[in-house]
Amino acid sequence: MSTLSLFRKVAVAEGISYIALIFIAMPLKYFADMPLAVKYTGWAHGVLFMFYVVMVIMCWMEYKWKIGKTILVFLASLLPFAPFYVDKKLKEEPVGQVKA
């Protein structure tokens, strides 16, 4: 499995965990008095976020991404639906351009 393929999988998992944290766990905490939903979902999201950051750095080094692209891909992790857009864009890139 290539680094890029693994990164795309981590990006999707991180995006799902972020959405679950914001739109499921947070309402459960504040409206249904279930704070453990945020505790466990937040923990999972934190681990996936760290994997995401590590994978961005690995892809930057292996595929020689420009710094601008690397920063944008990193910033995408801070927006709830952006990791899915990153996954889509990386999937659409021709194989020759991914490594350049």
Side-chain angles (χ1 to χ4, degrees):
M1 179 180 295
S2 71
T3 304
L4 188 64
S5 175
L6 183 58
F7 171 66
R8 288 183 50 233
K9 287 176 179 29
V10 169
V12 169
E14 193 270 341
I16 291 169
S17 73
Y18 196 14
I19 290 169
L21 179 63
I22 291 173
F23 296 109
I24 298 172
M26 294 294 285
L28 285 173
K29 177 180 180 177
Y30 292 108
F31 300 121
D33 195 31
M34 297 176 66
L36 288 179
V38 169
K39 180 179 180 178
Y40 295 117
T41 308
W43 181 85
H45 172 66
V47 169
L48 288 167
F49 176 77
M50 296 305 294
F51 282 144
Y52 185 97
V53 171
V54 168
M55 295 305 300
V56 167
I57 293 168
M58 289 175 64
C59 285
W60 172 50
M61 295 170 70
E62 183 175 333
Y63 297 104
K64 312 262 187 274
W65 286 352
K66 293 181 182 179
I67 192 70
K69 177 178 182 174
T70 305
I71 290 170
L72 284 174
V73 169
F74 169 74
L75 290 176
S77 70
L78 305 177
L79 301 172
F81 294 97
F84 303 112
Y85 180 75
V86 167
D87 174 53
K88 179 182 175 198
K89 283 300 190 185
L90 290 176
K91 186 177 183 179
E92 291 175 354
E93 284 186 7
V95 177
Q97 288 183 353
V98 171
K99 280 249 185 193

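Remember, it's a predicted structure, so these values are computed and weren't measured experimentally.
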Point to revise | Which atom of Ala76 lies closest to which atom of Ala82, heavy atoms considered | key: O-CB, 3.2 Å
Check your understanding: Ile57 and Val10: same hydrophobic cluster, using ILVMFWY side-chain contacts below 4.5 Å?
Key -> yes
Exercise for review: Kindly determine whether Val86 and Phe7 satisfy side chain to side chain contact (heavy atoms under 4.5 Å, CB included), including the steps that lead there.
Suggested key: CA-CA 10 Å; Val86 167; Phe7 171 66; 4.0 Å; yes
Check your understanding: Looking only at heavy atoms, which two atoms of Ser77 and Glu14 are closest? And how far apart?
Key -> O-OE2, 3.5 Å
Check your understanding: In the single-linkage hydrophobic clustering (I, L, V, M, F, W, Y; side-chain heavy atoms under 4.5 Å), do Trp43 and Met26 co-cluster?
Key -> no
Point to revise | Tyr18 and Leu48, any side-chain heavy atoms less than 4.5 Å apart | key: no
Point to revise | Shared hydrophobic cluster for Met1 and Phe51 (ILVMFWY, side-chain gaps under 4.5 Å) | key: yes
**Study point:** Phe31 atom CZ, over 12 foreign heavy atoms within 6.0 Å
**Key:** no
Check your understanding: Where is the tightest heavy-atom contact between Pro35 and Lys29, given as atom of each residue plus distance?
Key -> CA-CG, 3.9 Å
Check your understanding: Same cluster or not: are Leu90 and Ile71 linked, directly or through other Ile, Leu, Val, Met, Phe, Trp or Tyr residues, by side-chain heavy atoms under 4.5 angstrom apart?
Key -> yes
**Study point:** Lys89 side, atom NZ; Glu92 side, atom CD - distance, nearest 0.5 Å
**Key:** 5.0 Å
Check your understanding: Looking only at heavy atoms, which two atoms of Phe49 and Leu78 are closest? And how far apart?
Key -> CE1-CD2, 4.2 Å
**Study point:** Tyr52 side chain near Val73 side chain, heavy-atom distance below 4.5 Å
**Key:** yes
Study note, to complete from the structure: Heavy-atom nearest pair, Val38 first then Ala25, reads CG2-O, 3.4 Å
Point to revise | pair Leu79-Tyr85: side-chain heavy atoms closer than 4.5 Å | key: no
Check your understanding: Which distance, rounded to the nearest 0.5 Å, do you find between the CE of Met34 and the OH of Tyr40?
Key -> 11.5 Å
Study note, to complete from the structure: To the nearest 0.5 Å, atom NZ of Lys66 lies from atom CG of Leu72 at 12.5 Å
Check your understanding: If Ile, Leu, Val, Met, Phe, Trp and Tyr residues are connected whenever their side-chain heavy atoms lie under 4.5 Å apart, and connections chain through other members, are Val12 and Phe81 in the same group?
Key -> yes
Check your understanding: Roughly how far, to the nearest 0.5 Å, is CZ of Phe74 from CE of Met55?
Key -> 15.5 Å
Check your understanding: Is it true that atom CZ of Phe84 has more than 12 heavy atoms of other residues, nucleotides or ligands lying nearer than 6.0 Å?
Key -> yes
Study note, to complete from the structure: Value for NZ (Lys64) from NZ (Lys69), rounded to nearest 0.5 Å, stands at 13.5 Å
Review point. Any donor and acceptor pair, going by atom type alone, linking the side chain of Tyr63 with main-chain N or O of Leu4 inside 3.5 Å?
Key: yes
**Study point:** Residue pair Pro83 / Ala11: nearest heavy atoms and the distance that separates them
**Key:** CB-O, 3.3 Å
Practice item. Output the distance between atom OG1 (Thr3) and atom CE (Met61), rounded to the nearest 0.5 Å. Key: 11.0 Å
